**Student:** 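First the structure, then my questions, so here it is.
This chain uses plain numbering: 1 for the first residue, then up along the sequence. Atoms considered below: every heavy atom in the structure, side chains included; atoms not considered: hydrogens, waters and symmetry mates. These numbers were taken from a predicted model, which means no experiment stands behind them.
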Amino acid sequence: MNASIDAKRTVAELKELRSLTSDENGAQRVAFTETWLRARAWLRAKLEGLPVEIHVDEAGNLWTTLKGRSERALLIGGHMDSVPNGGWLDGCLNVLAGVGILRRISAQFGGEPPVTIRLVDWADEEGARFGKSLFGSSACSGTLDMDEARALRDRDGVRLPDALKAIGVDFEGVKKCGRELKNAAAYLELHIEQGPVLLDLGLPLGAVLGTFGVERHAITFRGQAAHSGSTPMNRRRDAFLAAARMGPEIYRIAEREGGVCTIGSCTTKPGIVTSVVEECRITLDQRHLDGAALARMLLAAREAAGRFAGEGNVSVSWERIWQIDPVLFDTGLIALCEESIRETCGSVHRLPSGPLHDAAEVARAGVPTVMMFVQSLHGISHNKIEDTREEHLELCVRAFDGLATRAMDWISGGR
Ligand SMILES: [Zn+2]
């Protein structure tokens, strides 16, 4: 029997989840809260009746396993958690499409497919409460910085290890869940794009090449405070002027290299209306899919900052806030993803992901990985107005199911 996926049912379940876990301000499935636990209990109820094994691992990730004839496993992932006042699709679309695929494959193969199929609901992807995203997946991949995570506190001063204890998770043991990846042969994740690229192209679906590398720095220019009335313009050592010239410069750098650059913050000292700025601190966030291009963007920004400082007779210093290398997805799986999208809706676009996703962590752990994006109306996410056309939701579920079939064959074929 060749069963087909019931995409309309997935859309109906997304609406059901929305009515259960959202209020007038949007989705409220913040990790480790009452509402998140309710969403997970609802998810478990949806899996009832399937011949699957369900357990929570050491980091709080929820695994659902449909055992196949081979132990080699196809992993499908997503996250039930949301930011506060979040959208209705971010994360749970991935999980519920996975539930639909489990049902379809179980029906088609009489409960025993050729390879094992596992659905994972990652714990605290968003990092909304403790300011650290990808908690469950980075514990699983082994990249979680334990010292940094141990010291995290929420707004009320509650430590992450204590919040975890409340849901039965022992912080010091979270990395043990890495063994879940033992037989992982491929990892697939469907996600709403969260940007306007597919919308602007008029395409419903895209194959994701990888996630951007990020360089995040604070740049501080130091000059001299001076009276705003008595200091002639040619005698000033104006820290703000040098910093402000970085504004247009980063647009030129981003355009030249094809990446994105953002100055997200600017603070001045003494910060009063009657003084030339003595000290100006800006933050710079640069992202690119190509590591060499990212390095060139950083170098160009450093050169420009040095030049502007010299011309303005001020000094400049840099401090790295955070950095991550680009994560490239598997070329074989990207090709299968494109094939499936083309079969479902005719045309396909390849694009990088600006935001990080759990998929990046799984790829970093060495598991061949790919993501599929569905168009985001308004190009907006992490907001209650996040939306996708219903026909596009159905298309993405069908295309993602087609990708799962191809990935199973790919695994069975020993690729
Ligand atoms: Zn997400």
**Student:** Hey, are the side chains of Met408 and Ile105 touching, using non-hydrogen atoms and a 4.5 Å cut-off?
**Tutor:**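 They are in contact (side-chain heavy atoms under 4.5 Å apart), so the answer is yes.
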**Student:** Can you name the closest pair of heavy atoms from Val11 and Leu393 and give their distance?
**Tutor:**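 Closest pair (atom of Val11, atom of Leu393, distance): CG2-CB, 3.9 Å.
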**Student:** If the test is side-chain contact (heavy atoms from CB on, under 4.5 Å), which one of Leu333, Asp330, Leu181, Asp358 qualifies with Tyr187?
**Tutor:**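 One option only clears the test, and that one is Asp358.
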**Student:** Regarding Asp162 and Arg159, does a basic nitrogen lie under 4.0 Å from an acidic carboxylate oxygen?
**Tutor:**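 Between Arg159 and Asp162 there is a salt bridge, with a charged N closer than 4.0 Å to a carboxylate O.
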**Student:** Can you tell me how far NE2 of His191 sits from OG of Ser376, rounded to the nearest 0.5 angstrom?
**Tutor:**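 Ser376 OG to His191 NE2: 10.5 Å, rounded to 0.5 Å.
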**Student:** More than 12 heavy atoms of other residues, nucleotides or ligands under 6.0 Å from CZ of Arg155: yes or no?
**Tutor:** no
**Student:** Report yes or no: does Thr33 contribute a side-chain atom to a donor-acceptor pair with the main-chain N or O of Val30 at less than 3.5 Å?
**Tutor:**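 Checked: pair present.
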**Student:** I'd like to check the salt bridge (charged side-chain N to carboxylate O under 4.0 Å, His left out) partners of Glu112; sequence neighbours left out, ordered by chain and number.
**Tutor:**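 Scan of Glu112 (salt bridge (charged side-chain N to carboxylate O under 4.0 Å, His left out), adjacent residues dropped) gives none.
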**Student:** Starting at CG of Leu47, measure out to CG of Leu66 and round the result to the nearest 0.5 Å.
**Tutor:** 10.5 Å
**Student:** If you count every heavy atom of other residues, nucleotides or ligands that lies below 6.0 Å from Phe240 atom CZ, does the total exceed 12?
**Tutor:** no
**Student:** Thr10 versus Val99: any side-chain heavy-atom pair under 4.5 Å?
**Tutor:** no
**Student:** Do Pro51 and Ser106 come close enough that some side-chain heavy atom pair is under 4.5 Å?
**Tutor:**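 They are in side-chain contact.
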**Student:** Please list all pairs meeting ring-ring contact (aromatic ring centres under 6.0 Å, His included) that have one or both residues in residues 110-149, counting only residues at least two apart or in different chains.
**Tutor:**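 Sorted result for residues 110-149: Trp63-Trp122.
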**Student:** Under the side-chain hydrogen bond (donor to acceptor under 3.5 Å, both in side chains) criterion, do His217 and Gln323 qualify, and how do the steps go?
**Tutor:** CA-CA 9 Å; His217 294 258; Gln323 180 275 343; over 6 Å; no
**Student:** Under the ring-ring contact (aromatic ring centres under 6.0 Å, His included) rule, what pairs show up with a residue in residues 281-300, not counting sequence neighbours?
**Tutor:** none
**Student:** Between Arg40 and Asp121, is a salt bridge (charged side-chain N to carboxylate O under 4.0 Å, His left out) present by the stated rule, with each step listed?
**Tutor:** CA-CA 9 Å; Arg40 272 203 164 173; Asp121 165 24; 2.7 Å; yes
**Student:** Would you say that Met80 contacts Leu43 through its side chain, given a criterion of any heavy-atom pair below 4.5 Å between the two side chains?
**Tutor:** yes
**Student:** So that I can tick it off, tell me whether Arg320 and Glu215 are bridged by a salt bridge, with the cut-off set at under 4.0 angstrom between side-chain N and carboxylate O.
**Tutor:** yes
**Student:** Answer with yes or no whether the side chains of His392 and Glu390 bring together a donor and an acceptor at under 3.5 Å.
**Tutor:** no
**Student:** Under a 3.5 Å distance rule, please check whether Asn94 uses its side chain to pair with a backbone N or O of Leu190 as donor and acceptor.
**Tutor:** yes
**Student:** Could you list the residues that satisfy side chain to side chain donor-acceptor pair (under 3.5 Å) with Arg150, not counting sequence neighbours?
**Tutor:**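 For Arg150 the side chain to side chain donor-acceptor pair (under 3.5 Å) partners, ignoring immediate neighbours, are Asp147, Glu172.
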**Student:** Please name all residues satisfying ring-ring contact (aromatic ring centres under 6.0 Å, His included) with Phe329, sequence neighbours left out, ordered by chain then number.
**Tutor:**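 Residues passing ring-ring contact (aromatic ring centres under 6.0 Å, His included) with Phe329: none at all.
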**Student:** Taking atom types as modelled and ignoring hydrogens, do the side chains of Asp90 and His79 form a donor-acceptor contact shorter than 3.5 angstrom?
**Tutor:**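 His79 and Asp90 do have a side-chain donor-acceptor pair below 3.5 Å.
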**Student:** Without swapping roles, check the side chain of Ser275 against the backbone of Val277 for a donor-acceptor pair under 3.5 Å.
**Tutor:** no
**Student:** Check ring-ring contact (aromatic ring centres under 6.0 Å, His included) between Trp42 and all other residues, then give those that pass, not counting sequence neighbours.
**Tutor:** none
**Student:** So, do Leu205 and Gln375 sit near enough that their side-chain heavy atoms are less than 4.5 Å apart?
**Tutor:**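 No. Closest side-chain heavy atoms not under 4.5 Å.
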**Student:** Suppose we screen for side chain to side chain donor-acceptor pair (under 3.5 Å). Which residues come up paired with Asp387, at least two apart in sequence or across chains?
**Tutor:**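 Here the qualifying residues are Trp88.
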**Student:** Table please: side-chain donor-acceptor pairs of residues 336-343 below 3.5 Å, with sequence neighbours left out.
**Tutor:**
unit_1, atom_1, unit_2, atom_2, d
Glu338, OE1, Arg350, NE, 3.3
Glu338, OE1, Arg350, NH2, 3.0
Glu338, OE2, Arg350, NE, 2.7
Glu339, OE2, Arg406, NE, 2.9
Ser340, OG, Ala399, O, 2.6
Ser340, OG, Leu403, N, 3.2
Glu343, OE2, Arg406, NH2, 3.1

**Student:** Closer than 4.0 angstrom, basic N to acidic O: yes or no for Arg103 and Glu13?
**Tutor:**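 Looking at Arg103 and Glu13, the cut-off is met.
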**Student:** Got a sec, which residues hit side chain to side chain donor-acceptor pair (under 3.5 Å) with Arg252, two or more places apart in sequence or on another chain?
**Tutor:**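 For Arg252, the residues satisfying side chain to side chain donor-acceptor pair (under 3.5 Å) (neighbours in sequence not counted) are Glu249.
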**Student:** Does Thr116 use its side chain to pair, donor to acceptor, with the backbone of Leu74 at less than 3.5 Å?
**Tutor:** no
**Student:** Mark yes when over 12 heavy atoms from residues, nucleotides or ligands other than Glu255 sit less than 6.0 Å from its CD; otherwise mark no.
**Tutor:** no
**Student:** Quick one: side-chain contact (heavy atoms from CB on, under 4.5 Å) partners of Thr143, sequence neighbours excluded?
**Tutor:** Ser138, Ser141, Glu361, Arg364
**Student:** For the pair Lys67 and Glu53, find out whether any cationic side-chain nitrogen is under 4.0 Å from an anionic carboxylate oxygen.
**Tutor:** no
**Student:** Side chains of His382 and Gln194: closer than 4.5 Å at any heavy-atom pair?
**Tutor:**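 Sidechains of Gln194 and His382: in contact.
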**Student:** Should the pair Lys8-Asp6 be classified as a salt bridge under the 4.0 Å nitrogen-to-oxygen rule?
**Tutor:** no
**Student:** Report the residues that fulfil salt bridge (charged side-chain N to carboxylate O under 4.0 Å, His left out) with Glu180, sequence neighbours left out, ordered by chain and then residue number.
**Tutor:** Arg118
**Student:** Tell me whether Glu279 is salt-bridged to Lys269, with the criterion being a basic N under 4.0 Å from an acidic carboxylate O.
**Tutor:** yes
**Student:** Taking atom types as modelled, is there a side-chain donor on Ser381 or Glu386 under 3.5 Å from an acceptor on the other?
**Tutor:** yes
**Student:** Hey, could you give me the OG1/CD1 distance between Thr220 and Ile282, rounded to the nearest 0.5 Å?
**Tutor:** 8.5 Å
**Student:** Tell me, please, which residues at least two apart from Thr405 pass side chain to side chain donor-acceptor pair (under 3.5 Å).
**Tutor:**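 Side chain to side chain donor-acceptor pair (under 3.5 Å) check on Thr405 returns Arg104.
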**Student:** Side chains of Pro270 and Glu278: closer than 4.5 Å at any heavy-atom pair?
**Tutor:**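 The answer is yes; the side chains approach within 4.5 Å.
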**Student:** Rounded to the nearest 0.5 Å, what separation is found between the CD atom of Glu126 and the CG atom of Asp81?
**Tutor:** 5.5 Å
**Student:** Evaluate Arg29 against Thr35 for side-chain hydrogen bond (donor to acceptor under 3.5 Å, both in side chains), listing each step before the verdict.
**Tutor:** CA-CA 5 Å; Arg29 297 182 299 274; Thr35 309; over 6 Å; no
**Student:** Would a distance-only check, ignoring hydrogens and angles, find a side-chain to backbone donor-acceptor pair under 3.5 Å from Asp156 to Val158?
**Tutor:** no
**Student:** Which distance, rounded to the nearest 0.5 Å, do you find between the CG of Leu377 and the OG1 of Thr388?
**Tutor:**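 Here the rounded value is 6.0 Å.
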**Student:** Counting only heavy atoms not in Lys175, do more than 12 fall under 6.0 Å of its NZ?
**Tutor:** yes
**Student:** Is it the case that the side chain of Glu193 and the backbone of Val197 share a donor-acceptor pair, with hydrogens and angles ignored and the cut-off at 3.5 Å?
**Tutor:** yes
**Student:** If you count heavy atoms of other groups shown closer than 6.0 angstrom to NZ of Lys46, is the number above 12?
**Tutor:**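 Counting other residues, nucleotides and ligands, NZ of Lys46 exceeds 12 neighbours.
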**Student:** Could you tell me which non-hydrogen atom of Gln286 sits nearest to which non-hydrogen atom of Ala301, and how far apart they are?
**Tutor:** NE2-CB, 3.9 Å
**Student:** Please examine the side chains of Gln28 and Trp36, heavy atoms only from C-beta on, and report whether any two atoms are closer than 4.5 Å.
**Tutor:** no
